[in-house]
Novice: 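Questions regarding the structure given below will be posed in turn.
Each chain gets a letter, A, B and so on, in the order the sequences are listed, and its residues count up from 1. The figures here come from the full heavy-atom set of this structure, side chains too, leaving out hydrogens, waters and symmetry mates.
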Amino acid sequence: MTSSLRLMLSSAVAAGSLAVLAGGAAAETYIVITHTAGTDPFWPVVQRGAEDAAAAVGATMEYRHPSAGDLVEMGQLVEAAIQQNPDGIVVSIPDADILGGPIRAAVAAGIPVISINSGADVADSLGVLMHVGQPEYEAGLAGGERAKAEGVTKGLCLNQEAFNVALEQRCQGYADGLGLELNMIDVTNDPAEIKARTVAAVSSDESIDGLLATGPHVCEAAVQALTELGLNGQIHLGCFDLTPGVVQGIQNGDVAFAIDQQQYLQGYLPIIMLDLYNKYGLLPGADVPSGPGFVTTENAALVLDLAGTYR
Amino acid sequence: MTTETAAEPGKRVQDERIYARPFISRMMSRPELGAISGAVILIVFFLLAASPQMFSLGGLFNWLEVCAQLGIIAIGACMLMIGGEFDLSIGSMIGFSSAILGILIVNGGLPPWLAILIAFSLAVGIGFIIGTIVVVTRLPSFIVTLAFLFLLRGAMLVSMRLFHGDTQVEGMANLKQTDFFAWLFGGDLFTMEATFVRGGRENIIEVGVPMSLVWLFVLAALATWVLTRTRPGNWIFAAGGAPNAARSVGVPVNAVKIALFMLTALCAAIFGAIQAFDGGAVDAARGNLKELEAIAASVIGGALLTGGYGSVIGACLGALIYGMVNLGFQYTTIDGDWYRVFLGGILLLAVAFNTYIRRRMTGGAE
């Protein structure tokens with residue numbers, strides 16, 4: 001008993017001295033700013049990745065997103081972050097026209113910036129160190145090519161955020177992969193409306209034999225819609241991003257594949273890279289693609305446990 | 001002085017205040033008139049312009065479900081607007097209460113009935129707090145409920161991350177088949193068999209009548225009865241139309257308003273439960289912007305932003321119009337994104353029309 005007490009005491013002392021050491025080295029501060037008003041189940045996984053990385057390198061991480069999902073507000077968040085003079089900013093770039101100015105200002109102020117998720121095509125021109133993400137268009141293209149190989153002749157893209165350029169790129173890639181014109185509808189974020197709009201689109205155009213859902217909650221509502229029409233498994237359904245519900249859909253055969261961009265890496269890697277950059281000036285030579293990875297019936301079980309938390 | 005009336009004791013003199021107005025004139029001054037004619041015109045329009053699938057059994061109940069869900073919160077919003085206040089926190093309340101429901105069931109392991117009871121009590125309690133703040137501080141309900149729009153959405157996200165780990169609570173998908181209370185909100189009253197023809201292939205599909213429609217009819221009937229047949233109904237009109245005059249004749253204006261805020265919160269919680277049990281999951285975008293849709297439906301249905309005037313039936317018809325336009329465009333060859341433009345136009349038209357009707361009714365007085 002006394003030995004365990006001594007162990008606890010000594011470890012407490014060790015932890016205390018570590019904290020003092022970390023404090024003495026002035027813990028680095030990183031600010032992570034992403035789009036979407038915290039409402040997409042996708043982002044908490046990124047946030048978790050950034051938190052874990054910050055804990056691993058002993059840095060402070062602050063996660064921010066625009067309260068109304070407004071990109072102008074997001075630009076203001078970047079400007080506000082510059083005023084704090086952090087050791088690095090990690091930012092997603094859904095629209096370079098709106099966010100380009102604030103990001104250039106951060107770079108001009110000498111703050112290292114790494115972009116994540118969307119914005120791979122503009123990262124270089126804005127002076128961003130590097131980009132960690134899934135090239136949206138290429139991911140959509142891969143999805144479209146796969147769908148075509150699996151027999152789809154006319155596809156429809158279900159987009160839940162009509163204003164989001166990245167989601168439209170997924171749809172454009174899907175259409176190009178199929179070798180067709182862009183065919184896309186705005187399904188909103190409301191589950192009843194997603195379902196009703198999918199039913200409407202599929203029943204009023206009989207030639208549609210493939211769907212691409214650009215979000216996991218859209219995917220789940222689309223499965224419900226197809227099930228109601230008795231078309232689940234008959235109409236090819238591809239989905240972006242993973243949740244337990246999507247993986248369940250894959251295992252049931254209702255979803256043909258899900259495109260996983262492994263967004264945990266988009267939270268985790270930039271913090272580690274900024275830390276290495278600040279400490280030793282190290283930086284990878286190229287952008288890091290975190291995805292796409294396909295999840296199908298073959299690897300669904302493996303992914304199921306981690307969906308929503310690390311996947 | 002009284003000899004004339006006393007001369008004929010057996011004959012009642014017709015009071016000129018209670019003369020019977022002609023039927024047409026009565027109909028022309030109903031608050032629902034605009035919404036009824038709008039709905040009829042739209043049904044005819046979509047019957048002609050949209051794919052027949054829209055009015056097939058399967059198609060019909062699909063978009064009616066969207067209308068029914070919106071109608072439920074529009075009833076609450078409309079009653080509150082008649083009472084002279086309005087509530088911008090409805091959408092966030094939907095998100096918050098359904099998140100609590102999901103967390104209690106999935107992470108807390110509570111039986112659905114208990115989770116529903118707790119989530120609904122919480123929602124109604126917050127409605128009480130909102131109402132109390134409004135009547136005690138006399139701040140405009142716009143500001144107070146705007147604060148709760150942010151507050152509740154934030155509370156939803158924080159509690160989801162804290163208790164669940166991420167912002168999508170899943171794992172209630174099968175409850176509506178196994179649990180009575182889950183069925184009561186997310187299930188189907190009964191299902192019918194229908195044939196769904198696509199690409200020359202016939203599918204026998206099951207078309208369910210969603211419980212949301214039942215909730216809508218029950219709530220609409222109750223609310224209409226209270227508004228038009230009971231003393232509290234008169235209080236609501238009085239509290240919204242002329243609160244000071246109402247106070248001086250003894251109407252408990254504050255209590256009426258607080259009760260109405262509790263009602264809108266309850267309607268939001270019912271909406272949240274319906275979506276949670278129907279889809280089996282709750283995500284953080286749940287209920288986003290629904291407060292504005294509910295207000296739009298009430299206004300299309302004839303309610304006034306200034307209070308004292310409106311109809312629950314009208315609000316339900318407003319929800320019908322909203323849902324029909326929202327989804328009807330998907331059945332036409334017109335680009336679906338036009339529906340927002342169209343809705344904005346309808347909203348403006350409805351307000352102009354309803355104001356005109358009301359001026360006629362009140363003889364030009366404001």
Novice: Heavy-atom distances under 4.5 Å only: say whether A:V202 touches chain B with side chain, backbone, both or neither.
Specialist: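 Its backbone and side chain both get close to chain B.
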
Novice: For the OG1 atom of A:T188 and the CG atom of B:N326, what is their distance to the nearest 0.5 Å?
Specialist: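 A:T188 OG1 to B:N326 CG: 7.0 Å, rounded to 0.5 Å.
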
Novice: Please flag which part of A:I235 lies under 4.5 Å from any non-hydrogen atom of chain B: side chain, backbone, both or neither.
Specialist: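 Only the side chain of A:I235 comes within 4.5 Å of chain B.
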
Novice: Looking only at heavy atoms, what is the nearest atom pair of A:A196 and B:N62, with distance?
Specialist: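 Taking every non-hydrogen atom into account, CA-OD1, 3.0 Å.
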
Novice: What are the two closest heavy atoms between B:I205 and A:G230, and how far apart are they?
Specialist: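 The pair with the smallest heavy-atom distance is CG2-N, 3.9 Å.
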
Novice: Is B:V207 in contact with chain A via its backbone, its side chain, both, or neither, using a 4.5 Å heavy-atom distance?
Specialist: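 No part of it gets close to chain A.
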
Novice: Roughly how far, to the nearest 0.5 Å, is the CD atom of A:E228 from the CD atom of B:E65?
Specialist: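 It is 7.0 Å, given to the nearest 0.5 Å.
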
Novice: Looking only at side chains, do A:D190 and B:Q275 share a donor and an acceptor under 3.5 Å apart?
Specialist: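 The criterion, which ignores hydrogens and geometry beyond distance, is satisfied for B:Q275 and A:D190.
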
Novice: Mind ranking A:A162, A:A221, A:P191 by heavy-atom pairs under 4.5 Å with chain B and telling me who comes out on top?
Specialist: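 Looking at each of A:A162, A:A221, A:P191 in turn, A:P191 comes out on top.
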
Novice: For B:Q53 and A:S203, which heavy atoms make the closest approach, and how far apart are they?
Specialist: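 Nearest heavy atoms, B:Q53 then A:S203: CG-O, 3.3 Å.
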
Novice: May I ask you to test the A:V199-B:W63 pair for a side-chain heavy-atom distance under 4.5 Å?
Specialist: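 No; the side chains remain at least 4.5 Å from each other.
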
Novice: Give the member of B:Y339, B:F150, B:F329 that has the highest number of heavy-atom pairs under 4.5 Å with chain A.
Specialist: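 Ranked by heavy-atom pairs under 4.5 Å with chain A, first place is B:Y339.
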
Novice: Looking only at side-chain N and O atoms, does A:T243 offer a donor or acceptor that is under 3.5 Å from a partner on B:E170?
Specialist: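 Short answer, yes.
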
Novice: Between A:D205 and B:R198, what is the shortest heavy-atom contact and its length?
Specialist: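 Taking every non-hydrogen atom into account, O-NH2, 3.0 Å.
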
Novice: With a 4.5 angstrom heavy-atom cut-off, could you sort out which part of B:F196 is near chain A: side chain, backbone, both or neither?
Specialist: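 The answer is the side chain of B:F196.
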
Novice: Highest number of heavy-atom pairs under 4.5 Å with chain B: which of A:Q234, A:E206, A:Q47, A:K195?
Specialist: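 Among A:Q234, A:E206, A:Q47, A:K195, the one with the most close pairs to chain B is A:E206.
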
Novice: Can you tell which part of A:I185 gets under 4.5 Å to a heavy atom of chain B, answering side chain, backbone, both or neither?
Specialist: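 Contact with chain B is through the side chain of A:I185 alone.
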
Novice: Going through the distances and angles, do A:E193 and B:K290 end up as a salt bridge (charged side-chain N to carboxylate O under 4.0 Å, His left out)?
Specialist: CA-CA 12 Å; A:E193 286 185 39; B:K290 286 293 166 194; 3.0 Å; yes

Novice: With a 4.5 angstrom heavy-atom cut-off, is it the side chain or the backbone of B:E293 that approaches chain A, or both, or neither?
Specialist: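 For B:E293, the contact with chain A is made by the side chain alone.
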
Novice: For A:Q224 and B:D278, work out which heavy atoms get closest and say how close.
Specialist: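 Looking at all heavy atoms of both residues, the shortest contact is NE2-O, 3.1 Å.
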
Novice: Hey, does B:Q168 have a side-chain heavy atom less than 4.5 Å from the side chain of A:P44?
Specialist: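 They are not in contact (no side-chain heavy atoms under 4.5 Å apart), so the answer is no.
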
Novice: For atom CD of A:E181, decide whether the heavy atoms of other residues, nucleotides or ligands shown that lie under 6.0 angstrom number more than 12.
Specialist: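 No - once you tally the heavy atoms of other residues, nucleotides and ligands closer than 6.0 Å, there are 12 at most.
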
